[in-house]
Amino acid sequence: MITNETEATIDRSAQQAWAYAADILRHPDWMSVADARLIRGEGTKVGDRGRERLILGPLKWDVEFEVVEAVPGRRIVWRSVDDPRLDLEVGLDLEPAGDASTRATYHGAVQLHGRWRLLAPLLAMEASAGLRRELQRLKA
C-alpha cells in the first residue's frame, strides 16, 4: 500500500476550509480530478457518493467514491467504491490554529490490484507530489 501525508496552514477558519474542501463539485478546483459529480446525497455526509475523473500523471480514469467520515470543521474522508483497479482513500484533517487559520493534514492511501500493481513505483512518486500540490491549491 502506498501512503502519503502532507501539512499546511490555511488562512481560513477550519469551518470555512472544511466547507470548501468537502464540496465535491469544487474538487476539480483543487484536487487532481475532473468532471466531479454527485451520485447520492449532498457530498458532505457519511454515505454520500460522487464520481470523479482521477488524474495521476498520464493516467485518467473514473472513480466512484463514498464519504466514510465527516465531522464538519474537523475531518472528511473519501474512499473508492467497487473499483477493480485500486482501493483509494483520501482524507483531510483540520485543526484550528488561531482565530482565522487552520492546520490542515491531507493524507492518502492507495492499493493497486492486478496488472495495475506494475504502476506502483510511478504512482508512489506522483502521489506524494500530488498531495502536496493539491493541498497548496486548497490553501490558495
Short side-chain to backbone donor-acceptor contact, [X] and [Y], under 3.5 Å:
X: R26; Y: D23; value: no
X: S80; Y: D83; value: no
X: R40; Y: G50; value: no
X: E134; Y: S32; value: yes
X: D48; Y: E42; value: yes

Considering all heavy atoms of both residues, which atom of [X] and which atom of [Y] are nearest to each other, and what is their separation?
X: T9; Y: S101; answer: CG2-CB, 4.1 Å
X: T3; Y: A109; answer: CG2-CB, 3.8 Å
X: L25; Y: L38; answer: CD2-N, 4.2 Å
X: A21; Y: H27; answer: O-NE2, 2.9 Å
X: Q15; Y: P72; answer: OE1-C, 3.8 Å
X: A70; Y: T44; answer: CB-O, 3.3 Å

If I take atom [atom1] from residue [X] and atom [atom2] from residue [Y], how far apart are they, to the nearest 0.5 angstrom?
X: L138; Y: R133; atom1: CG; atom2: CZ; answer: 14.5 Å
X: E69; Y: W78; atom1: CD; atom2: CH2; answer: 11.5 Å
X: R53; Y: W61; atom1: CZ; atom2: CH2; answer: 10.0 Å
X: I76; Y: L94; atom1: CD1; atom2: CG; answer: 9.5 Å
X: E64; Y: E52; atom1: CD; atom2: CD; answer: 11.0 Å
X: R74; Y: L92; atom1: CZ; atom2: CG; answer: 11.0 Å

Hydrophobic clustering (ILVMFWY, side-chain heavy atoms < 4.5 Å, transitive) - are [Y] and [X] grouped together?
X: I2; Y: V63; answer: yes
X: I10; Y: Y20; answer: yes
X: V77; Y: L88; answer: no

Checklist entry - How far apart are the C-alpha atoms of F65 and I24, what are their side-chain angles, what is the distance that settles it, and do they pass the side chain to side chain contact (heavy atoms under 4.5 Å, CB included) test? => result CA-CA 10 Å; F65 61 91; I24 290 171; 3.7 Å; yes

For residues [X] and [Y], determine if any side-chain heavy atom of one lies less than 4.5 Å from a side-chain heavy atom of the other.
X: D93; Y: W18; answer: no
X: T105; Y: T6; answer: no
X: V81; Y: R49; answer: yes

Checklist entry - If you draw a 6.0 Å radius around CZ in R117, do more than 12 non-hydrogen atoms from other residues or ligands fall strictly inside? => result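 Count not over threshold, so no.
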
Next on the checklist: Atom CZ of residue position R75 - does it have more than 12 heavy atoms of other residues, nucleotides or ligands inside 6.0 Å?
Outcome noted: yes

Checklist entry - ring pair (Phe, Tyr, Trp, His ring centres under 6.0 Å): which pairs involve residues 91-112, sequence neighbours left out? => result W30-Y106

Item to check | Contact list for residues 94-114, test salt bridge (Lys or Arg N to Asp or Glu O under 4.0 Å), sequence neighbours left out | outcome: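 Counting only pairs at least two positions apart or across chains, the salt bridge (Lys or Arg N to Asp or Glu O under 4.0 Å) contacts touching residues 94-114 are E7-R103.
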
Item to check | side chain to side chain contact (heavy atoms under 4.5 Å, CB included) evaluation trace for R51 with D62 | outcome: CA-CA 7 Å; R51 178 177 291 276; D62 291 332; 3.6 Å; yes

Checklist entry - Ion pair present between R79 and E89, side-chain N to carboxylate O less than 4.0 angstrom? => result yes

